[in-house]
Asker: 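This is the structure, below, for whatever I ask next.
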Amino acid sequence: MYANKKSEFIEVVSNFLEETSLQDKPTGLQLDAFNPESFRKNVEVAISKLEEYLGDTSIRGINLTNPYELLKQAQNIMLGSGEQEKLEAIIDLYLKTGIAVHSPGYMGRQFSGVIPLAGIMDLVNSTINQPSSFYEAAQLPNVAEEIMANELNQFIGWETGTFAMVTTSGGSLGTLTALLAARNNKFPELWSKGFSALEGQGYPAIAVGDGHYSISRAAGILGIGEEQIVRLPLNDKKQICIEKVRPTLEAAEEKGLTVFAIVSSTGTTTMGAFDPIEQLSHIAQEKNIWLHVDGCHGASLLVCDQLRDKVKGIEKADSFVWDTHKTMFMPGVCTLLFYKNKEKSYGAFHQDASYVFEKQPDVYTQFDRAQQNFECTKRPLIMNLWVTWSIYGRELFANKLEYLCQLTQNAYGILEQEKDFQTVHDPEMNILCFRYLPSNLEETALPEFQVMIRNRLKEGGTFFISKVNVDGKACLRVVFMNHKIEIVHFQLLLREIRKIGQEIIQSA
Ligand SMILES: *Cc1c(COP(=O)(O)O)cnc(C)c1O
């Protein structure tokens, strides 16, 4: 039937074109930009550069360039000519100035050396452009979200159809969205009446442990001041100290605060500590408080048989976020926001927009996500993960994570043997914090010693690591995100740290 209609239509069109005198074709436009053949040529340029880049196993961190110098180089490229030549020059400069995330020298941040297949899908995403908040604009991505939600729920264990998964552009936005749902759940009138709805009620507050800065930002956006962020005391492993949670919450209530959400972390940014979610969930339930888990870094352990216990209790949380662009090795960004209760996922945003939202949902609009996510135009974030999961399966992620966590344990074991290094925690995942404290350091007064080491290391261009404050004192921090790192690379790193550290001491 459809085929018949289509050939009929083609006939109508050709008759119409023959009869019409209109000949106005667009002129003056650079239609070559849309030429499929030049697309292929450009892709070939890019792919061969990337192939070379991915094959480079040298130990390198970042080639830090003065921004004004880089500005000049970039402007010079613009003066050149030739489509492929310019593209090639831009890609070269891009690769040269980026942190070498695929190199064993990259040990510093939580963004990953991407699984290349995901990058290929991203090219497709960008070229065909199907923004995914609405089913009709992005049919396959919305179906893929449904599939991935159920695939990943195998490791969470909720009943099919009772939970929801929403993709957001990053964990910061995911947590903001979840906290908005939590707030509206506790204060249903706030959405329509604003703060006037709070008359006679306690001030809305949240309770957090060693939270990422995005949590305070989300609080600020929701109108929760610093004074309404209840800090839950930490134990010596930097996890929320469970014994102190009840008294802290009760003290907050006495001060007139209504804590509507507890935000815990599985894998804190500082050092990858895991809060006791299971026990927190009991307290949250008892006090009728929403439990949100920031699993941006650590929720991926769900897919590892050997490590899943670390996130035990996550299924009892009301919501949690999971950054696939970190420990699922996807390109930035794709965050999964899970809600235990599907209905509650619609609580974050209450909006009427007749041009997009249907009053009478049909079979298509049931798959729309726009009521649950903040973005209107949203990239089809799930596609990179879905294609990778379809082709390589869970094992790729599980094996890589298990390797990286074991590597971190081995590195910790080495540090424990070295007298001039001090460990500050027994690492729970793939983040390891430590200090270089040689015996001759005390002769000098160098309060910024660890930071100086880190900066010189960065400028040296071989290793890229980060730094973090633990108990107010700076530490060196490595994050193993890359399976190309072997223990010898860590030993090489220690050698570099000693060399740089001694140079700093000598010149002090
Ligand atoms: C990275 C991170 C965030 C922020 O997520 P984005 O995706 O960068 O917005 C929040 N919490 C934790 C624990 C993180 O590691």
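Computed from a prediction, not measured in an experiment: that's the story for all the values here.
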Asker: For atom CD of Gln154, decide whether the heavy atoms of other residues, nucleotides or ligands shown that lie under 6.0 angstrom number more than 12.
Answerer: yes
Asker: Give me the atom names and distance for the closest heavy-atom approach of Lys310 to Phe274.
Answerer: O-CD2, 3.5 Å
Asker: First locate atom OG1 of Thr327, then atom NE2 of His297, and finally report the distance between them rounded to the nearest 0.5 Å.
Answerer: 5.5 Å
Asker: With a 3.5 Å cut-off and no angle check, do the side chains of Gln406 and Asn410 form a donor-acceptor pair?
Answerer: yes
Asker: Identify the residue among Trp389, Phe329, Phe155 that makes a ring-ring contact (aromatic ring centres under 6.0 Å, His included) with Phe397.
Answerer: Trp389
Asker: Any side-chain heavy atom of Tyr339 sitting closer than 4.5 Å to one from Val166?
Answerer: yes
Asker: Is there side-chain contact between Cys296 and His212, with at least one heavy-atom pair below 4.5 Å?
Answerer: no
Asker: Are Glu145 and Thr167 close enough, and set up right, to give a side-chain hydrogen bond (donor to acceptor under 3.5 Å, both in side chains), and what steps lead you there?
Answerer: CA-CA 8 Å; Glu145 279 195 22; Thr167 53; 2.8 Å; yes
Asker: Please state whether the rings of Trp158 and Phe320 are parallel, tilted or perpendicular, taking 30° and 60° as the class boundaries.
Answerer: tilted
Asker: To check you understand the geometry: which heavy-atom pair defines the closest contact between Glu428 and Ala273, and what is its length?
Answerer: OE2-CA, 3.6 Å
Asker: Any idea which heavy atoms bring Ile62 and Thr97 closest together, and the distance?
Answerer: CG1-O, 4.4 Å
Asker: Suppose the criterion is salt bridge (Lys or Arg N to Asp or Glu O under 4.0 Å): which pairs have a residue in residues 387-407, not counting sequence neighbours?
Answerer: Asp305-Arg394
Asker: For the residue pair Thr270 and Arg477, what are the closest heavy atoms and their distance?
Answerer: O-NE, 3.2 Å
Asker: Check the pair Arg369, Glu375 against salt bridge (charged side-chain N to carboxylate O under 4.0 Å, His left out), reporting the backbone distance first and the verdict last.
Answerer: CA-CA 10 Å; Arg369 306 289 172 171; Glu375 303 99 321; over 6 Å; no
Asker: Is any NZ, NE, NH1 or NH2 atom of the basic residue among Glu286 and Arg246 found under 4.0 Å from an Asp or Glu carboxylate oxygen of the other?
Answerer: yes
Asker: Do you see a donor-acceptor pair shorter than 3.5 Å between the side chains of Gln130 and Asn125?
Answerer: no
Asker: Determine whether Asn150 and Thr160 satisfy the following criterion, side-chain hydrogen bond (donor to acceptor under 3.5 Å, both in side chains), listing intermediate values before the conclusion.
Answerer: CA-CA 7 Å; Asn150 287 314; Thr160 314; 5.0 Å; no
Asker: Check Lys287 with Glu250, please: is the shortest side-chain N to carboxylate O separation under 4.0 Å?
Answerer: yes
Asker: Around atom CD of Gln491, are there more than 12 heavy atoms from other residues, nucleotides or ligands closer than 6.0 Å?
Answerer: yes
Asker: Would the number of heavy atoms belonging to other residues, nucleotides or ligands and lying under 6.0 Å from CD of Gln366 be above 12?
Answerer: yes
Asker: Just list the side-chain donor-acceptor pairs under 3.5 Å for residues 277-285, sequence neighbours left out, or say none.
Answerer:
from   : atom 1 : to     : atom 2 : distance (Å)
Glu278 : OE2    : Lys316 : NZ     : 2.3
Ser281 : OG     : Glu278 : O      : 2.6

Asker: Not counting sequence neighbours, list each pair that qualifies as a salt bridge (Lys or Arg N to Asp or Glu O under 4.0 Å) and has a residue in residues 328-349.
Answerer: none
Asker: Take a 6.0 Å sphere around OH of Tyr53 and say whether it holds more than 12 heavy atoms from other residues, nucleotides or ligands.
Answerer: yes
Asker: If you draw a 6.0 Å radius around OH in Tyr412, do more than 12 non-hydrogen atoms from other residues or ligands fall strictly inside?
Answerer: yes
Asker: For Phe464, is the NZ or CZ atom of Arg454 found under 6.0 angstrom from the centre of its six-membered ring and inside 45 degrees of the ring axis?
Answerer: yes
Asker: Any Lys/Arg nitrogen of Lys238 or Asp471 sitting under 4.0 Å from an Asp/Glu carboxylate oxygen of the other?
Answerer: yes
Asker: Indicate the atoms forming the closest heavy-atom contact of Leu493 with Leu457, along with that distance.
Answerer: CD1-CD2, 3.7 Å
